[in-house]
Q: 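Could you have a look at this structure, given as structure tokens, before my questions?
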Amino acid sequence: MEQTTTVTEFVYYADMFGTAVFAISGALAAGRLRMDPFGVTVLAAVTAIGGGTIRDTILGAQPVFWITDTTYIWVVLLTALMVMLLVRCPRRLSGKWFQLADAFGLALFTVIGAQKALAYGASPLIAVMMGVMTGVVGGMIRDVLCREIPLVLRKEIYATASIVGGILYTISLEYQVAQVPAMIIAMVGALAIRVSAIYWRLSLPAFELNGDHHD
Amino acid sequence: MEQTTTVTEFVYYADMFGTAVFAISGALAAGRLRMDPFGVTVLAAVTAIGGGTIRDTILGAQPVFWITDTTYIWVVLLTALMVMLLVRCPRRLSGKWFQLADAFGLALFTVIGAQKALAYGASPLIAVMMGVMTGVVGGMIRDVLCREIPLVLRKEIYATASIVGGILYTISLEYQVAQVPAMIIAMVGALAIRVSAIYWRLSLPAFELNGDHHD
Amino acid sequence: MEQTTTVTEFVYYADMFGTAVFAISGALAAGRLRMDPFGVTVLAAVTAIGGGTIRDTILGAQPVFWITDTTYIWVVLLTALMVMLLVRCPRRLSGKWFQLADAFGLALFTVIGAQKALAYGASPLIAVMMGVMTGVVGGMIRDVLCREIPLVLRKEIYATASIVGGILYTISLEYQVAQVPAMIIAMVGALAIRVSAIYWRLSLPAFELNGDHHD
């Protein structure tokens, strides 16, 4: 019983860590476009909590998670402030270590999203979708607000890692694996794929249409 | 009674056909931008089920329709896969036959959306809005993700067909027309307008502002 | 008691006035891009009721406000029609008087949004967020549909006025100030900041990242 509490607590702190990492990536995107402090905060928030917000409204899990527990908002606000005060040279933050932290956030958000969907009675297919949505939709809204085609739709093996993590998690649970090992299996799988993609610069082949010019 | 079952079944299969047609239009848009398989699938899904999803969250009809019946998701996934495997020359798919299928989807989605709104106690005005939303918002999100100003806002007589269909449907029901003839009246009306617009290349006059340069 | 009714009525009419002003700003943005009547109406609607719609879906206050009271929709439809029929030279409408009306709408929407969040049991922090969301998110969606980076994220002191209004409102209520004076304090505060910003052309300093080129 005490062990369960420890795991729950660890997941909670890890969730806040992932929230901060995603918020940093939003704040940096805002900085590149010379947004003002409000813009930086909005981009940080959208990237960190946007995916989970859409997941909750689709599931009918309202009020959404950050209304019930405002710690998420404080983490976003504090992260946005710290980025504005401390970061001048973002290269350090877009380096390998940050990408690794971001991969960890992606893997964890996927598992948390899938878990919540299952708790609301969704099927495994929907659970995987909700996991991926939690992991990648925040970044997609960030990119749209920056007037860009979401990078995740174009080439990087990013969503793939999330999909594999979600599938591993739901299949493990189907095969009666307990909650904690299922989470570990899923996160290790997602991280392995994402880290390999970063390390070897892998990307999926694009679907190209010939003989058709976009007008 | 048996007739009602047959009609319900026909509408259901027609709905899946419309979902596939809208998914194709999303997948083709992704292909034009050389997205990867994840991007193709997301664009297909957003175009096919985006409008109905927003309709359901606005009405409070959660969990949204494709969580209750995952067949929609399977149709989208299968369609996206087939487009990626089979389509190389999209011109055939953007021809008259495809536009006709798309017009059918638009007309049906409008009626289904209006029907759902009425079932949730909405007024006829809101039912028309929800019908139009179901028909056109998916394509709008697709265009935004492709970094384009939604075509439906600019010139084609596309939304107009949906609006007329929605109005015909709700007025028919107000005048005590039964469910099935009301659906047929609405769909014939919407299709007639959309097909005429395609055939004669009609478009609404634009609202232009002079003497004002956007800054 | 009669006084309360008068205040409630005044807020209601002021809300409709704000809705019309926001709808005008959406319709004008559509006109600049030469959208058709449907596009003008959609942009008017999104700007006027988009923020409150997202607020309500996040809080779980569905069906959203304009389904319960369709007057909002009629105001949007009528405003969009009037703009298309009457406006040829938008400069008059983007002048100081219109900006003042828009500032009034922003201040009122902020208070109404915060009020609704508190009514749904949200904390003061969330109430401020929901107030700001009600005030600025409609304009953000309008800008995204026009393929622009939302102006509110970039430089103008616009969101700041809304944030200050929201904070003044919730703090006043915390200190047992009655509903009506709290609303007045909040709106005067928000208006003072916004009008000063318009008058002296103030803007917040941007957060700029050096040594990083966006690719």
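Because only heavy atoms are used, hydrogens play no part in the values below, and waters and symmetry mates are left out as well, while side chains stay in. Naming: A, B, ... by sequence-line order, numbering from 1 per chain.
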Q: List in chain and number order the residues that pass side chain to side chain contact (heavy atoms under 4.5 Å, CB included) with Asp36(C), two or more places apart in sequence or in another chain; answer none if no residue qualifies.
A: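 Side chain to side chain contact (heavy atoms under 4.5 Å, CB included) list for Asp36(C), sorted by chain: Leu204(B), Phe38(C).
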Q: For Ile126(C), which atoms come within 4.5 Å of any heavy atom of chain A: side chain, backbone, both, or neither?
A: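 Looking at Ile126(C), just its side chain touches chain A.
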Q: If you count every heavy atom of other residues, nucleotides or ligands that lies below 6.0 Å from Phe10(A) atom CZ, does the total exceed 12?
A: no
Q: Heavy-atom distance under 4.5 Å between the side chains of Trp66(A) and Ile58(C), does that happen here?
A: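 They are in side-chain contact.
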Q: Are Leu77(A) and Leu125(C) close enough that some pair of their side-chain heavy atoms sits under 4.5 Å apart?
A: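 Yes; the side chains approach each other to less than 4.5 Å.
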Q: Going by the rule salt bridge (charged side-chain N to carboxylate O under 4.0 Å, His left out), which residues pair with Arg34(A) if we only count those two or more places apart in sequence or in a different chain?
A: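 In terms of salt bridge (charged side-chain N to carboxylate O under 4.0 Å, His left out), with neighbours along the sequence ignored, Arg34(A) is linked to Glu208(C).
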Q: With rounding to the nearest 0.5 angstrom, report the CZ to CZ distance, Arg147(A) to Arg147(C).
A: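 If I round to the nearest 0.5 Å, the distance is 8.0 Å.
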Q: Heavy-atom cut-off 4.5 Å, strictly under: side chain, backbone, both or neither for Leu43(A) against chain C?
A: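 For Leu43(A), the side chain is the part near chain C, not the backbone.
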Q: Can you name the closest pair of heavy atoms from Val42(A) and Met140(C) and give their distance?
A: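 Distance-wise, the nearest heavy atoms are CG1-CE, 4.0 Å.
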Q: Report the distance from atom CG of Leu145(A) to atom CD1 of Ile149(C), rounding to the nearest 0.5 Å.
A: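 It is 9.0 Å, given to the nearest 0.5 Å.
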Q: Who in residues 127-134 of chain A is close to chain C, using a strict under-4.5 Å heavy-atom cut-off?
A: none
Q: Give the member of Gly121(C), Ser123(C), Gly60(C) that has the highest number of heavy-atom pairs under 4.5 Å with chain A.
A: Gly60(C)
Q: Hey, what do you get for CD (Gln62(A)) to CG (Leu59(C)), rounding to the nearest 0.5 Å?
A: 9.0 Å
Q: What residue in Thr53(A), Thr41(A), Ile73(A), Val144(A) has the most heavy-atom pairs under 4.5 Å with chain C?
A: Ile73(A)
Q: Against chain C, work out which of Ala27(A), Gly31(A), Ala29(A), Gly39(A) has the most heavy-atom pairs shorter than 4.5 Å and name it.
A: Gly31(A)
Q: Applying ring-ring contact (aromatic ring centres under 6.0 Å, His included), can you list everything that pairs with Tyr169(C), at least two apart in sequence or on another chain?
A: none
